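A short write-up of the structure that comes next.
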Protein chains: 2
Amino acid sequence: MISSISTNQIKYVLALEKTGSFSEAADLCFVTQSTLSIMIKKLENQCNLILFDRKSKPITLTKEGEELINQLKLIYQEFEVLQEIIQGTNQEFYGNLRIGIIPTLAPFLLPLFLNKLVTNYPNINFSIDEITTQEITKRIKTRELDIGILSLPIEDQELIQTSLFNESFLIYDASGTFSRNKKYKIKDIDVSRLWLLEESHCLSSQIEKICLLKKMDTSKHNLEFKSGSILSLLELVNMNKGLTLLPKLATLQKNLIKPSYIFNLVNPIPAREIGIITHPNFSKKRLLDILEIEIKKSVKPLLDKTKRIQLINPY
Amino acid sequence: MISSISTNQIKYVLALEKTGSFSEAADLCFVTQSTLSIMIKKLENQCNLILFDRKSKPITLTKEGEELINQLKLIYQEFEVLQEIIQGTNQEFYGNLRIGIIPTLAPFLLPLFLNKLVTNYPNINFSIDEITTQEITKRIKTRELDIGILSLPIEDQELIQTSLFNESFLIYDASGTFSRNKKYKIKDIDVSRLWLLEESHCLSSQIEKICLLKKMDTSKHNLEFKSGSILSLLELVNMNKGLTLLPKLATLQKNLIKPSYIFNLVNPIPAREIGIITHPNFSKKRLLDILEIEIKKSVKPLLDKTKRIQLINPY
DNA sequence: GGTTGATATTGAAGAAATCAATAGTTGTAT
DNA sequence: ATACAACTATTGATTTCTTCAATATCAACC
């Protein structure tokens, strides 16, 4: 008794029946002739029957083959109907999805999943705003945005918060004072050489928290710096041989970051919680599910699964 | 777009829909729960849809799942119909198949394929006669037998001859005069110590041919020996520290044969051609095909694929 | 008998399916 | 709340399947 058969196997049989030639059928199915030969033979074995008479040119069905071919065709047709249903169901996802995402996350997270979504859901118009936490929460409350991706938790209890993953912080050191062999803790950081983004970014307040500073005393730098871009921050840190803390995903940008400048923190590892917020009345629940799953899936292989982390609030 | 899906995947979905529980569905399908989880997830991925709501207890279909499930059921039903057709087609092979096979082959060849045939074709009554070439050809002509398995060619041109494989001859030496390191040719055989089966066996005349004797002069042995059984021949050879030639398949019987007694012949390797003969009016052509394929398949891994062989006629 | 045009086979590489064990989740009863 | 129970998800290892490129084999036609 046949245990399991795949639609590919059926496709191969139908192609061979149609063309009467192994090589042509193989071309039709975009596989090599050896693959087709082997798969036909495998199916014949599973059935305990010889379906094709290889001696005749063109190749024809045997008596047993004749008895099966119609049912195989039928199954394949029903499979094609299934495909149409799937296609149709996918197209039921339509409309606009307006996403707000914090700037310290956007350039590293979006490339991981956005393309797949845009491709799979051609009927959804995605719009992305790279804005701060404050701006995101404001716009979600006013329903200008559907979904916010940011560091959790937010103080506002009205909005729905869904956790996605924890992103640890790492040391980025352009000064050369850190060494590969040692384990660094938070207190090892020389606060006077630390550079941050402008205050409005949650990343800044988180780093301040990590380093146990009330407010960062930037007057120690002889340079006024206001930027929301991690790229600019890195330039600045490099130029001044300073240091900063970077979230994990940022450190994986091999074209921006010298891996030799990155040092892990331990005991515990400071981290931020990344998650999604929505308005309680947000209705595209299913779309949210998909977004959640896709983001989690895309990020997972990039994160280390450490236990000893300490989540830092963004406010 | 889904490229290929297997009936097992569908089975898993239907089981999960039916039971509302991953573990129960897994039991139903005789796989582990992890397998079922993974396969459901895989299908969901292929479809780009989430088919089951894991949060509800029992687990239920999502809206998208509902849209697919009926088509999945339909496909699976048609697959079950296919199985029935296959079953039915297999049962069309019925009736008697009377096989004659030479004694020097039967005990080594039959176990390789007979069981599979008997199992796969429960409606065929197989009957096996272990008889000599002469007897086989006689009975096929009189239609007492359907099929003969023996050493080809036979002189009788009326019967249909189909080749199966070539079986080489090896030296079986109980005297200890052969040594592992040397390559032996036919002329190295001391004819005076050679033992054979009784004359009626084609194996005897083939060995005589190999050793270039007109008729074996058995008077050199002080023992009259008449047996058709290779087992008895081996006993005799062991007892008298003699030697004989054995066909390849016989030498593979590890329980009968000391591997250290076996020596290869080279330049060229003498061999017999094993094949099937049938009466020209034999009608169960398809059955013959199956038999041919099964024997070839079962024997293939046991034979070495040498080029330099010399086929020895059995008459 | 060799040449041509086909199918079959082989050996290797990559992907998929499966399992046992374990981690993580959720709901319930303390 | 907290711990337990019941369930699903994940992991890492193993086996099996699928596929390909290259090659062997077969068959028909000169």
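FYI, side chains are in, hydrogens and waters are out, and symmetry mates aren't considered; it's all heavy atoms of this structure. Here the structure is a predicted model, which is why all the values come from computation and not from measurement.
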Nearest-Å distance for atom pair [atom1]/[atom2], residues [X] and [N]:
{"X": "A:F30", "N": "D:dA21", "atom1": "CZ", "atom2": "P", "answer": "15 Å"}
{"X": "B:K296", "N": "C:dA8", "atom1": "NZ", "atom2": "C1'", "answer": "12 Å"}
{"X": "A:K297", "N": "D:dT10", "atom1": "NZ", "atom2": "C1'", "answer": "14 Å"}
{"X": "B:I59", "N": "D:dT8", "atom1": "CD1", "atom2": "C1'", "answer": "7 Å"}
{"X": "A:R54", "N": "D:dT25", "atom1": "CZ", "atom2": "C1'", "answer": "15 Å"}
{"X": "A:I50", "N": "C:dA8", "atom1": "CD1", "atom2": "P", "answer": "12 Å"}

From [X] [atom1] over to [Y] [atom2], what is the distance, rounded to the nearest 0.5 angstrom?
{"X": "A:Q9", "Y": "B:S6", "atom1": "CD", "atom2": "OG", "value": "9.0 Å"}
{"X": "A:L61", "Y": "A:L51", "atom1": "CG", "atom2": "CG", "value": "7.5 Å"}
{"X": "B:L43", "Y": "B:L16", "atom1": "CG", "atom2": "CG", "value": "11.0 Å"}

Do the non-hydrogen side-chain atoms of [X] and [Y] ever get within less than 4.5 Å of each other?
{"X": "A:I69", "Y": "A:L14", "answer": "yes"}
{"X": "B:D146", "Y": "B:T278", "answer": "no"}
{"X": "B:T251", "Y": "B:F108", "answer": "no"}

Does one side chain, of B:K11 or B:N8, offer a donor that lies under 3.5 Å from an acceptor on the other? yes
Flag for B:E273-B:S163: side-chain donor and acceptor within less than 3.5 Å: yes
A:K297/B:E44 salt bridge by N-O under 4.0 Å criterion: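 Judged by the 4.0 Å cut-off on N to carboxylate O distance, B:E44 and A:K297 do not form a salt bridge.
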Partners of A:I38 by side chain to side chain contact (heavy atoms under 4.5 Å, CB included), sequence neighbours excluded? none
Extract all donor-acceptor atom pairs below 3.5 Å that involve side chains of residues 75-86 of chain A and protein atoms in other chains or at least two apart in sequence.
residue : atom : partner : partner atom : Å
A:E78   : OE1  : B:Q71   : NE2          : 2.8

Should the heavy atoms of other residues, nucleotides or ligands under 6.0 Å from NZ of B:K18 be counted, would the total exceed 12? no
A:K41 NZ: over 12 foreign heavy atoms closer than 6.0 Å: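 No, not enclosed.
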Any residue of residues 18-25 of chain A with a heavy atom less than 4.0 Å from an atom of DNA chain C: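 Those residues are A:S21, A:F22, A:S23.
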Using the C1' atoms of the five pairs at each end, what is the angle between the end axes of the helix from C:dG1-D:dC30 to C:dT30-D:dA1, to 10°? 10°
Quiz item: A:Q33 side-chain donor-acceptor pair to C:dA6 base, under 3.5 Å: no
Output the residues of residues 34-49 of chain A in contact with DNA chain D, where contact means a heavy atom of the residue under 4.0 Å from an atom of the strand; sort by number or write none.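 Within residues 34-49 of chain A, the residues near DNA chain D are A:S34, A:T35, A:I38, A:M39, A:K42.
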Using a 4.0 Å cut-off on heavy atoms, which residues in residues 4-16 of chain B reach DNA chain D? List them by number, or say none.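 When residues 4-16 of chain B is checked for heavy atoms under 4.0 Å from DNA chain D, there are no hits whatsoever.
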